[in-house]
Amino acid sequence: MKKFATNILIRNNRWAIMEKNGLTENYEILSDSDYLIELKKKLLEEAQEVFEAETSQDFD
């Protein structure tokens, strides 16, 4: 079995799909306030990628 690490935010419906496919071995359920903090971090990360993009192909 291949193993991989990821650090992603997952919302309700996606979680059920991952569980069904056996992709939920290690996880942490965040409080609402911690989820909001991590969501803001992700938004800043994505915005930085858009800012640094030079062409529309860089968005892929």
Side-chain angles (χ1 to χ4, degrees):
M1 174 196 313
K2 292 183 180 180
K3 293 186 178 186
F4 60 93
T6 185
N7 188 11
I8 58 176
L9 294 173
I10 300 172
R11 295 185 305 161
N12 302 340
N13 295 344
R14 186 72 176 146
W15 183 254
I17 294 167
M18 290 180 71
E19 273 189 324
K20 182 179 177 183
N21 291 304
L23 299 173
T24 58
E25 288 192 30
N26 296 311
Y27 61 90
E28 177 182 355
I29 298 175
L30 301 175
S31 67
D32 288 346
S33 59
D34 286 342
Y35 182 79
L36 183 58
I37 290 167
E38 295 303 319
L39 190 58
K40 287 179 179 181
K41 287 180 188 177
K42 184 63 176 173
L43 179 58
L44 288 173
E45 175 189 324
E46 297 296 330
Q48 186 66 36
E49 288 180 17
V50 170
F51 180 77
E52 292 173 357
E54 295 183 12
T55 69
S56 61
Q57 285 77 26
D58 293 337
F59 294 139
D60 293 339

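- Taken from CG in Leu36 to CD in Glu38, the straight-line distance is 10.0 Å, to the nearest 0.5 Å.
- Under the side-chain contact (heavy atoms from CB on, under 4.5 Å) criterion, Asp32 pairs with no residue at all, not counting sequence neighbours.
- The environment of CD1 in Ile17 is crowded: more than 12 heavy-atom neighbours from other residues, nucleotides or ligands sit within 6.0 Å.
- Salt-bridge check for Glu46 with Lys42: passed, with a basic side-chain N closer than 4.0 Å to an acidic carboxylate O.
- For the side-chain contact (heavy atoms from CB on, under 4.5 Å) test with Lys41, the passing option among Ile37, Leu39, Leu44 is Ile37; the others fail.
- Ser31 is linked by a side-chain contact (heavy atoms from CB on, under 4.5 Å) to Ser33, Asp34, counting only residues two or more places apart in sequence or in another chain.
- Counting heavy atoms from C-beta outward, Phe51 and Gln48 have side chains that approach closer than 4.5 Å.
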